Protein chains: 2
Amino acid sequence: MRTILEAAERVFAANPAATMEQVAQAAGVARTTVHRRFATREALVEELTGWAARQFAEAVASAHVDSTPPLVALYQVTANVLRVKTNWWFAMSRTGDRAHPEAARVHEEVRDDCERLLRRAREAGVLRPDADLGWTRRVYYALIHEAAAEGVAEGGEAEALATRVVDALLRGFGSPTAPVIA
Amino acid sequence: MRTILEAAERVFAANPAATMEQVAQAAGVARTTVHRRFATREALVEELTGWAARQFAEAVASAHVDSTPPLVALYQVTANVLRVKTNWWFAMSRTGDRAHPEAARVHEEVRDDCERLLRRAREAGVLRPDADLGWTRRVYYALIHEAAAEGVAEGGEAEALATRVVDALLRGFGSPTAPVIA
DNA sequence: ATGACTTGCAACACTTATGTTGCGAGTAAT
DNA sequence: ATTACTCGCAACATAAGTGTTGCAAGTCAT
């Protein structure tokens, strides 16, 4: 049932160690009913993970990262991912799970997409020529994570959050006239 | 015993759901011995949390955030915090725990210090006049978290990590000549 | 109405972590 | 040597979550 999956997402987002009982209660069904659909707790989490992974892959794919100008693609993919990540906070936290082949594959592919995009951005002069793409990517991920956390806690439009993420990633918060630290 | 606390930190850093048995084993003592010193699992985690909170407070205090030029203070406090956070990864993840009064107090005070510092930085022209200090602080925290994660995983000098954090925070990764997104 | 299906409920077995206790061995100080 | 202390070990009790099963009640399509 989608009802159960959505309830599980809500409950686990608030408390990853939550009980099957709590999930069942949130879904408005008996615990045994949850077990009838998902044999084990692990199976439930796995299905949740797979579901989120597919949404994630779709969010990235629909941004056409390879055929759009880097800056536009960066903004688009950010907004799309933020939409998914705010709605599937818990499930998305498991996207990098090695135990889930599909999620792991998606995660790897997205990382490749991201690295290609950043490289194109650097070549196009959007990123500094000396930008460390590995560190850039990790910071980008961290910014998305932070923005999504805000989105989960306080709501907010994915577009507005994406704008702030991209702005922070590209410009930072320093004054253009300030001295450089290193 | 400090031995037990340090073992607990190592074990919990690798797996926050680890067992008392695993902690005892890592400390090279029997499980009952751990229970003799820490009545409950919760008490153990609490002591860890308090210990880390004190280190954290000391790390921030020793940077003299209020009496040093903003840019210098920013770098210093970043490096100090990174040192603590890489060594007490698990315990520091609990610094914001509301269940622990001391840790919560430290966390609040540090947040205040951080906000004052950022405000001074903006007034001094280190940050852009239009920088949203709330968002700036959260990004700063996220950058520290990310850098610390790298430090835990791959080692690395706190100074080098701090440089990258401050650089990313102030300059971002965009080319100075690139168009602004918003 | 009949049959197929799903659900809630109660009860059960099983597992795992937690916390406690008693005892005997080892160690150190006096 | 006596005392005091700590530790390892084994055993036990408890609690909580997990997963299973049987049965009764309800729904729905035909």
Side-chain angles (χ1 to χ4, degrees), chain A residues 1-53 88-104, chain B residues 1-53 88-104:
Chain A
M1 300 306 218
R2 183 163 306 174
T3 313
I4 297 178
L5 278 181
E6 286 168 355
E9 163 57 35
R10 283 198 307 275
V11 171
F12 288 149
N15 170 25
T19 298
M20 297 292 271
E21 179 65 46
Q22 294 173 261
V23 172
Q25 201 168 340
V29 299
R31 187 173 63 92
T32 45
T33 303
V34 178
H35 270 109
R36 266 189 268 263
R37 177 67 189 81
F38 305 96
T40 70
R41 185 187 208 278
E42 199 184 346
L44 170 58
V45 172
E46 255 186 39
E47 195 130 332
L48 212 46
T49 305
W51 179 256
W88 300 89
W89 178 256
F90 168 76
M92 283 293 294
S93 74
R94 304 242 140 207
T95 305
D97 203 336
R98 286 112 190 88
H100 196 295
E102 185 184 3
Chain B
M1 303 302 214
R2 182 164 306 174
T3 313
I4 296 179
L5 278 180
E6 287 169 354
E9 163 59 34
R10 282 197 308 275
V11 171
F12 287 149
N15 170 25
T19 298
M20 297 292 271
E21 177 66 46
Q22 295 174 261
V23 172
Q25 202 169 340
V29 299
R31 186 172 65 92
T32 46
T33 303
V34 178
H35 269 109
R36 264 188 271 262
R37 178 65 189 82
F38 306 96
T40 70
R41 186 188 209 278
E42 199 183 347
L44 170 58
V45 172
E46 254 186 40
E47 196 130 332
L48 256 185
T49 305
W51 179 257
W88 300 89
W89 178 256
F90 168 77
M92 283 293 293
S93 73
R94 303 242 139 207
T95 306
D97 203 337
R98 283 108 192 91
H100 196 295
E102 186 184 4

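Worth saying up front: this structure is predicted, and the values here are computed from it rather than measured.
Note that the first and last nucleotides of DNA chain D, 5' to 3', having any atom under 4.0 angstrom from a heavy atom of chain B are D:dC7 to D:dA10. Boundaries of the chain A contact region on DNA chain C are C:dT7 to C:dA10, first to last in 5' to 3' order (nucleotide atom under 4.0 Å from a heavy atom).
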Show me the donor-acceptor pairs within less than 3.5 Å that the side chains of residues 38-49 of chain A make with the rest of the protein, sequence neighbours left out.
unit_1: A:T40; atom_1: OG1; unit_2: A:E42; atom_2: N; d: 3.3
unit_1: A:T40; atom_1: OG1; unit_2: A:A43; atom_2: N; d: 3.0
unit_1: A:R41; atom_1: NH2; unit_2: A:A18; atom_2: O; d: 2.4
unit_1: A:E47; atom_1: OE2; unit_2: A:R37; atom_2: NH2; d: 3.3
unit_1: A:T49; atom_1: OG1; unit_2: A:V45; atom_2: O; d: 2.7

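Across every non-hydrogen atom of B:A7 and B:A26, the tightest pair is CB-C, 3.8 Å. Counting all heavy atoms, side chain and backbone alike, B:Q22 lies closest to B:V11 at O-CG2, 4.0 Å.
Residue pairs meeting the side chain to side chain donor-acceptor pair (under 3.5 Å) criterion with at least one partner in residues 7-16 of chain A, sequence neighbours excluded, do not occur; the list is empty. Residue pairs meeting the ring-ring contact (aromatic ring centres under 6.0 Å, His included) criterion with at least one member in residues 7-27 of chain A, sequence neighbours excluded, are A:F12-A:F90. Residues in residues 15-36 of chain B take part in no ring-ring contact (aromatic ring centres under 6.0 Å, His included) pair, two or more places apart or across chains.
Residues of residues 10-21 of chain A that place a heavy atom closer than 4.0 Å to DNA chain D, in numerical order, are A:T19, A:M20. For the segment residues 28-51 of chain B, residues with any heavy atom less than 4.0 angstrom from an atom of DNA chain D are, sorted by number, B:G28, B:V29, B:A30, B:T32, B:T33, B:R36.
Under the rule for a side chain to side chain contact (heavy atoms under 4.5 Å, CB included), the partners of B:A30 that lie at least two apart in sequence or sit in another chain are B:T32, B:T33. Partners of A:E102 under the salt bridge (Lys or Arg N to Asp or Glu O under 4.0 Å) rule, at least two apart in sequence or in another chain, are A:R54. The side chain to side chain contact (heavy atoms under 4.5 Å, CB included) test applied to B:A52 returns B:W88, B:A91, B:M92, not counting sequence neighbours. Partners of B:Q25 by side chain to side chain contact (heavy atoms under 4.5 Å, CB included), not counting sequence neighbours, listed by chain and number: B:E21.
Atoms CH2 and CZ, on B:W51 and B:R2 in that order, are 4.5 Å from each other to the nearest 0.5 Å. Atom NE2 of residue B:H100 and atom CZ of residue B:R94 lie 11.0 Å apart, to the nearest 0.5 angstrom.
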